[in-house]
S.K.: 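Shown below is the structure under consideration.
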Amino acid sequence: MPPITQSNVEKLVTVFGGSGFIGRHLVRALSQRGYRIRVAVRRPELAFHLQPLGRVGQIHAVQANLRYPASIQAAVRGADVVVNLVGILFERGKQHFDAVQVDGSGLVAEAAVQVGARMVHCSALGADPDSPSANARTKALGERAVWAAAPRAIMFRPSGVFGPEDDIFNRIASLARFSPVLPLIAGGTTRFQPVFVGDVAEAIAKAVDGQAREGVTYELGGPDVRTVKELTRFVLATIERRRLLVPLPFPVAEFQAWFLQFLPKPPMTPDQVRLFQADIVVSQQAQDEGRTLQGLGIEPRAMAAVVPSYLWRYRKTGQFRGRVA
Ligand SMILES: NC(=O)c1ccc[n+]([C@@H]2O[C@H](COP(=O)([O-])OP(=O)(O)OC[C@H]3O[C@@H](n4cnc5c(N)ncnc54)[C@H](OP(=O)(O)O)[C@@H]3O)[C@@H](O)[C@H]2O)c1
């Protein structure tokens, strides 16, 4: 961990999406480095949980919505570095993929350049303008909008991110608690490279420090490349439960997700099912060019070393017998 330096104390970092899963880990990493942090969120009153992560007055929340340019401009005023972690998994009301992930990303990058701040943007592995998934398409178009406005930006594309509040392993485990069968989209053959949220936060914090290459896209994956079926088995072994794994062909999975998408927080939407059509792993080219966690000097943590420390609560006995990361 770099020591708190006087120069960091004088620097202001605006973090859009700082109240989210990756956001709170990044805010902790930045506060440990001594930065002043402005967390730009739609509902600042819901970001109070971030205050204890820093010194008194070090972290403060302001209201900003990526659909409102004036709120973006106000949030970046005086910033030295701007980080955009905003992303959505499904559309609701005015929260459209285009508005948030394409137009919003471009507006943040433009605003950062206007105030002379460095830009760090979080996209996702699987971002592809030709993807059948609107989420993956708009992530790719969002990257383009960022490059157009800020060619020296630093881009991050994580694979599925795990950690205590994750949406991957917790979701499988909570389903396994109640359901005797677990569905496997397309037989569970899609490959992921789960990456620890603390490692993603550290990578982004290094970019804020100025230790990452400008104008470059980093692909972030952990040490394990696993199919969805293997990940499901890993969760079941961790929580000591046996469940029947049922392969669901894409059309059946999409049909089922069509009904689920109307739930307030849908566990799966047809668009998310389409994400499973391509592997979500770090490319060979990124590895060769050092555009990875290792290239940033970070040794990624294995899921087996971390996940048991938070999935133990899904065990029948509720007892923790794993290693704590
Ligand atoms: N988690 C993963 O497995 C994963 C994998 C690959 C890439 N990523 C990418 O990493 C980034 C962060 O992911 P995450 O898991 O931390 O997401 P998250 O927990 O859902 O957080 C997203 C953040 O975006 C904010 N937000 C949503 N709509 C907004 C809007 N219109 N204006 C301003 N803020 C808005 C949310 O705040 P409110 O809704 O409370 O306002 C929240 O703070 C995203 O770009 C995501 O696509 C995540």
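First listed ligand is number 1; within each ligand, the first listed atom is number 1.
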S.K.: Test question: given the 4.5 Å side-chain rule for I, L, V, M, F, W and Y, name all other residues clustered with F262, or answer none.
M.R.: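 Joined to F262, directly or through intermediates: F255, W258, F259.
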S.K.: Looking at atom 10 (O) of ligand 1, what's its closest protein heavy atom, distance included?
M.R.: C122 SG, 3.3 Å
S.K.: Suppose we measure from atom 24 (O) of ligand 1 to each protein heavy atom; which comes out shortest, and what is that distance?
M.R.: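 Result: V86 CA, 3.6 Å.
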S.K.: Around atom 39 (O) of ligand 1, find the nearest protein heavy atom and jot down its residue, atom name and distance.
M.R.: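 Ranked first by proximity to atom 39 (O) of ligand 1 is R42 NH2, 2.6 Å.
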S.K.: Under 4.0 Å between a side-chain nitrogen and a carboxylate oxygen: does that hold for E143 and R157?
M.R.: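 Here E143 pairs with R157 in a salt bridge, since their nearest N and O are under 4.0 Å apart.
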S.K.: Do me a favour and list the nearest non-hydrogen protein atom to atom 13 (O) of ligand 1 with residue, atom name and distance?
M.R.: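 So the nearest neighbour among protein heavy atoms is I22 CD1, 3.8 Å.
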S.K.: Could you check whether any side-chain N or O of S159 sits under 3.5 Å from a backbone N or O of I280, counting only pairs where one atom can act as donor and the other as acceptor?
M.R.: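 Pair found, side chain donor or acceptor close to backbone of I280.
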S.K.: Determine whether a donor-acceptor pair (N or O, by modelled atom type, separation under 3.5 Å) exists between the side chain of D224 and the backbone of R226.
M.R.: no
S.K.: Using a 4.0 Å cut-off to any heavy atom of R43, which atoms of ligand 1 qualify?
M.R.: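 Close to R43: 38 (P), 39 (O), 40 (O), 41 (O).
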S.K.: Does atom 17 (O) of ligand 1 have any protein heavy atom closer than 4.0 Å?
M.R.: no
S.K.: If I apply the N/O under 3.5 Å rule, does L66 come out as touching ligand 1?
M.R.: yes
S.K.: So with a 6.0 Å cut-off around CZ of R242, is the heavy-atom count from everything else above 12?
M.R.: no
S.K.: Using a 3.5 Å cut-off on N or O atoms only, is G18 in polar contact with ligand 1?
M.R.: no
S.K.: Can you tell me if CZ on R177 sees more than 12 non-hydrogen neighbours from other groups inside 6.0 Å?
M.R.: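 More than 12 within 6.0 Å, yes.
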S.K.: Any N or O on I168 sitting closer than 3.5 Å to an N or O of ligand 1?
M.R.: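 It does not: no N or O of I168 is found under 3.5 Å from an N or O of ligand 1.
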S.K.: Under a 4.0 Å heavy-atom limit, does R157 contact ligand 1 with its side chain, its backbone, both, or neither?
M.R.: neither
S.K.: Tell me if a side-chain donor or acceptor on D271 pairs with a main-chain N or O of A134 at a distance below 3.5 Å.
M.R.: yes
S.K.: Is it true that a side-chain atom of D279 and a backbone atom of V281 form a donor plus acceptor pair closer than 3.5 Å?
M.R.: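 Answer holds: no.
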S.K.: Please list, in number order, the atoms of ligand 1 under 4.0 Å from a heavy atom of A124.
M.R.: 6 (C), 7 (C)
S.K.: Please list the nearest protein heavy atom to atom 22 (C) of ligand 1 with its residue and the distance rounded to 0.1 Å.
M.R.: G87 O, 3.8 Å
S.K.: Which ligand 1 atoms are under 4.0 Å away from a heavy-atom of A64?
M.R.: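 In order of numbering, the contacting atoms are 33 (C).
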S.K.: Quick test: of every protein heavy atom, which one is nearest to atom 43 (O) of ligand 1, and how far off is it to 0.1 Å?
M.R.: S19 OG, 2.8 Å
S.K.: According to ring pair (Phe, Tyr, Trp, His ring centres under 6.0 Å), who are the partners of F234, at least two apart in sequence or on a separate chain?
M.R.: F169
S.K.: Look only at the side chain of R118 and the backbone of V208, and say whether a donor-acceptor pair between them is shorter than 3.5 Å.
M.R.: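 Checking the backbone N and O of V208 against the side chain of R118, a donor-acceptor pair under 3.5 Å is found.
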S.K.: Same hydrophobic cluster for L85 and L141, using side-chain heavy-atom links shorter than 4.5 Å among ILVMFWY?
M.R.: no
S.K.: Just to be sure I read this right, does ligand 1 sit under 4.0 Å from the backbone of A99, its side chain, both, or neither, counting only heavy atoms?
M.R.: neither
S.K.: Output the list of atoms in ligand 1 that are nearer than 4.0 Å to some heavy atom of K139, sorted by atom number.
M.R.: 44 (C), 45 (O), 46 (C), 47 (O)
S.K.: Just let me know how S123 lines up against ligand 1, side chain, backbone, both or neither, with a heavy-atom cut-off below 4.0 Å.
M.R.: backbone
S.K.: As an exercise, identify every atom of ligand 1 less than 4.0 angstrom from a heavy atom of S159.
M.R.: 5 (C), 6 (C)
S.K.: How far is atom 28 (N) of ligand 1 from the closest protein heavy atom, and which atom is that?
M.R.: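 Nearest neighbour among protein heavy atoms for atom 28 (N) of ligand 1, to 0.1 Å: Q95 NE2, 2.9 Å.
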S.K.: So for N65, does at least one of its heavy atoms come nearer than 4.0 angstrom to any atom of ligand 1?
M.R.: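 It does; at least one heavy atom falls under 4.0 Å.
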S.K.: Considering non-hydrogen atoms of the protein only, which is the closest contact for atom 19 (O) of ligand 1, and what is the distance?
M.R.: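 Looking at atom 19 (O) of ligand 1, the protein heavy atom closest to it is F21 N, 2.8 Å.
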S.K.: Assess whether a salt bridge exists between R274 and E254, defined as any Lys/Arg side-chain N lying under 4.0 Å from an Asp/Glu carboxylate O.
M.R.: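 E254 and R274: salt-bridged.
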S.K.: Above 12 or not: heavy atoms from other molecules or residues under 6.0 Å from CZ of R233?
M.R.: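 Not buried by this count: 12 neighbours or fewer within 6.0 Å.
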